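What you are looking at is a predicted structure, and each value in this text was computed from that prediction instead of being measured. The analysis underlying the following values was restricted to heavy atoms, covering all of them including side chains, and did not include hydrogens, waters or symmetry mates. All chains are named by letter (A, B, ...) in the order of the sequence lines, taking the proteins before the strands, and each is independently numbered beginning at 1.
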Amino acid sequence: MNQVNPLVEQVREQGRLTFNRLGIPTMRLEHWKYTDVKRAMAPFMDHLGDPPAEAAIDTTAIDALAMENLDAYRMVLIDGRLHQEASALPQGVRADSLATLLAEKPEQGIEPLTTREDAPLFNGFVALNAAHARDGVSICIADGVQLDKPLYILHISSGGAAHICHGIHIGSQSQATVIEHYTGSEDTAGFTNVVSQVRLLQGGSLTHIRLQQESSRQTHIGRVSVCQQRDSRYRSHSIALGAALSRVDLITSLAGTGAACELNGLYLTGGRQHADHHTVIEHRAPYCNSREMYRGVLDGRSRAVFNGRVVVHEGAVKTDSSQSNANLLLSARAEVDTKPELEIYNDDVKCAHGATIGQLDTNQLFYLKSRGLSEDEARQLLTFAFADEVLASIDIPTVRRHIEHAAFSKLPHGVDIEEILV
Amino acid sequence: MLKINELHVSVDDKKILKGINLEINAGEVHAIMGPNGSGKSTLSNVIAGRDGYEVTQGSVTFKGKDLLALAPEERAWEGIFLAFQYPVEIPGVNNTYLLKAGVNAKRKHHGQQELDAMDFMQLVKEKAKLVELDASFLSRGVNEGFSGGEKKRNEIFQMAVLEPQLALLDETDSGLDIDALRIVAQGVNQLRSAQRAIVMVTHYQRLLDYIKPDVVHVLVDGQILKTGDANLAMELEERGYDWVREEAAA
């Protein structure tokens with residue numbers, strides 16, 4: 001082991017101390033009252049910080065898990081470690097391994113590992129991440145750069161605990177797309193704990209696609225924290241399909257005048273899966289715009305949680321915000337807890353929010369059947385259409401197709417998915 | 001083709017249809033006219049098989065089969081088509097996909113081979129011309145963001161593609177401006193044939209200026225009070241519905 005820089009050691013120590021104090025979040029905490037991680041975490045508690053064994057995953061296995069035919073700059077992390085040979089770092093863009101940065105430029109490397117304890121939704125997992133995250137991707141896009149291809153970060157879990165930390169810095173007037181894709185072979189039962197810190201400078205624009213497609217036995221904990229300067233645009237597509245238990249927190253702070261964010265989310269759960277999404281949008285500056293649409297389709301005995309909080313601070317005049325969460329329950333035993341929250345501290349705002357939980361629309365069903373579609377076929381079609389509305393705004397066709405395939409093949413179906421996608 | 005005998009229908013225990021008798025043969029165009037709330041839409045919905053209507057008495061047969069025992073999709077396969085008064089928007093369901101699924105489900109039911117993508121597109125493009133529907137509508141979500149007129153044109157377009165034996169047009173003229181009305185009527189007229197029956201349910205005589213019916217029925221308070229030829233529609237336009245009611249009472 002090479003020598004550890006005192007700066008890095010300080011961050012690690014701080015993380016350890018905070019984690020020792022907070023521990024794994026329990027259901028007694030307001031923001032964890034519907035999500036019990038205790039049982040899922042039990043197998044990992046004794047060796048939370050142990051580096052996972054070096055997994056033997058060859059390039060064929062990597063290619064099999066990656067999105068097909070995606071033209072992108074690819075970076076591959078296996079159990080939280082950057083796989084250099086399988087990664088192609090783009091020119092003109094600084095994309096470093098976090099491990100490299102921590103060793104060579106520690107003062108820069110520790111930045112994404114540092115989260116203040118008073119930040120929204122801070123919890124023990126964030127501290128744990130600071131204590132143990134060895135690697136990740138640190139992307140730094142200089143001012144005025146329009147990235148020609150997406151940056152695609154493929155994560156492969158082969159079991160064990162992986163703490164990953166990403167830093168994404170988008171320079172002034174720059175534009176990029178970053179895809180975080182979480183996968184693993186079907187028999188793995190690992191634990192992923194990932195923190196992504198995003199910073200957008202003035203006029204910067206980021207499309208951030210986060211696809212969680214891990215094995216059905218995985219535990220996935222994620223946090224995306226975004227800080228937006230003046231006139232920046234942040235667009236997120238957060239999709240949860242895999243894992244036994246997943247929890248993703250997305251916090252964005254609209255800190256500069258005229259900044260805008262668009263948060264799209266989709267979770268499809270079946271069996272005994274549990275998917276939890278918490279989002280916080282902080283309107284801190286005037287003339288900011290936020291749009292949020294999360295949708296869920298729940299089958300079997302699965303359970304989902306949505307908690308979306310929008311805070312409009314005192315000086316954030318002319319705020320324009322809308323939020324919606326809609327859920328479709330395919331089974332009587334599926335359950336969803338949804339809670340949109342709105343806190344407004346000034347009068348000059350336009351805010352709308354709402355949540356729905358329901359079954360399919362009977363008028364639409366009758367219309368389809370009157371055209372000759374069977375009951376089953378009509379139901380499937382409407383379910384796909386409901387989910388697909390969230391995906392429609394993904395403007396890279398390859399990515400959209402990949403997600404549609406992954407999502408729709410999870411739903412009960414008898415119709416030819418390929419045809420619907422025409 | 002369609003025989004309705006002493007049909008009584010209730011909605012939420014309220015009697016809407018009170019003994020309808022009607023016979024419609026292939027090749028005929030019928031108009032069912034009546035004031036608001038007379039039961040016109042109930043009649044077309046019962047024939048198409050919508051939920052929420054309780055048939056308390058009577059029968060409906062189509063080509064000799066008990067229609068009321070069939071699911072809505074089975075009625076479609078048998079050749080019944082309802083052009084909706086308020087076509088629903090179904091975002092995310094592709095217009096063309098819906099039609100292809102509909103056409104092929106029907107073909108399969110009749111033991112015919114399903115159409116492949118090429119043949120189907122050919123058919124669809126040809127029929128779209130009938131109602132001057134732009135090809136861009138084909139790849140959009142069903143009725144998604146369509147104007148009122150576009151929705152009605154889309155209904156007639158679907159009718160053209162699905163080639164029903166009995167087409168029910170429920171208030172197809174409502175919400176149409178004069179140009180759209182002309183286009184829709186032209187489409188319907190081209191679909192008139194000796195093998196097909198068309199039933200227009202309408203409040204106004206306006207549509208009948210463009211699509212001339214063979215038979216006109218007056219539906220008032222859940223009963224057909226009078227039946228005549230196209231001249232009856234003219235008379236209703238001039239004199240309203242009250243005289244029919246009075247005449248029946250006398």
### Task
Using heavy atoms and a sub-4.5 Å threshold, report which of residues 104-123 of chain B line up against chain A, by residue number.
B:A105
### Message
To the nearest 0.5 Å, what is the distance between CD on B:E73 and CG on A:D376?
### Response
9.5 Å
### Residue B:D66 excluded, over 12 heavy atoms near CG under 6.0 Å
yes
### Message
Give me the atom names and distance for the closest heavy-atom approach of B:R50 to A:N363.
### Response
NH1-OD1, 2.9 Å
### NZ (B:K63) with more than 12 external heavy atoms under 6.0 Å
yes
### Task
Look up atom OG1 in A:T362 and atom CG in B:D51, then write down how far apart they are to the nearest 0.5 Å.
8.0 Å
### Query
Above 12 or not: heavy atoms from other molecules or residues under 6.0 Å from OH of B:Y53?
yes
### Summary
Shortest non-hydrogen pair, A:S370 vs B:A76, comes out as O-CB, 3.5 Å
### Task
State, to 0.1 Å, how close A:A385 and B:G92 come at their nearest heavy-atom pair, and which atoms those are.
CB-C, 3.8 Å
### Task
May I have the step-by-step check of side chain to side chain contact (heavy atoms under 4.5 Å, CB included) for B:V88 and A:F366, ending in yes or no?
CA-CA 10 Å; B:V88 288; A:F366 175 63; over 6 Å; no
### Message
At a 4.5 Å cut-off on heavy atoms, which part of B:E89 comes close to chain A: side chain, backbone, both, or neither?
### Response
backbone
### Message
Counting only non-hydrogen atoms closer than 4.5 Å, does A:Q364 touch chain B with its backbone (N, CA, C, O), its side chain (CB onward), both, or neither?
### Response
both
### Message
Within this structure, what is the CG-CD1 distance for the pair A:D361 and B:I90, rounded to the nearest 0.5 Å?
### Response
8.5 Å
### Message
Testing the basics here: between B:G102 and A:L373, what is the closest heavy-atom pair and its distance to 0.1 Å?
### Response
N-CD1, 3.7 Å
### Query
Taking only heavy atoms into account, what residues of residues 154-164 of chain B are found under 4.5 Å from chain A?
B:E155, B:Q158, B:L162
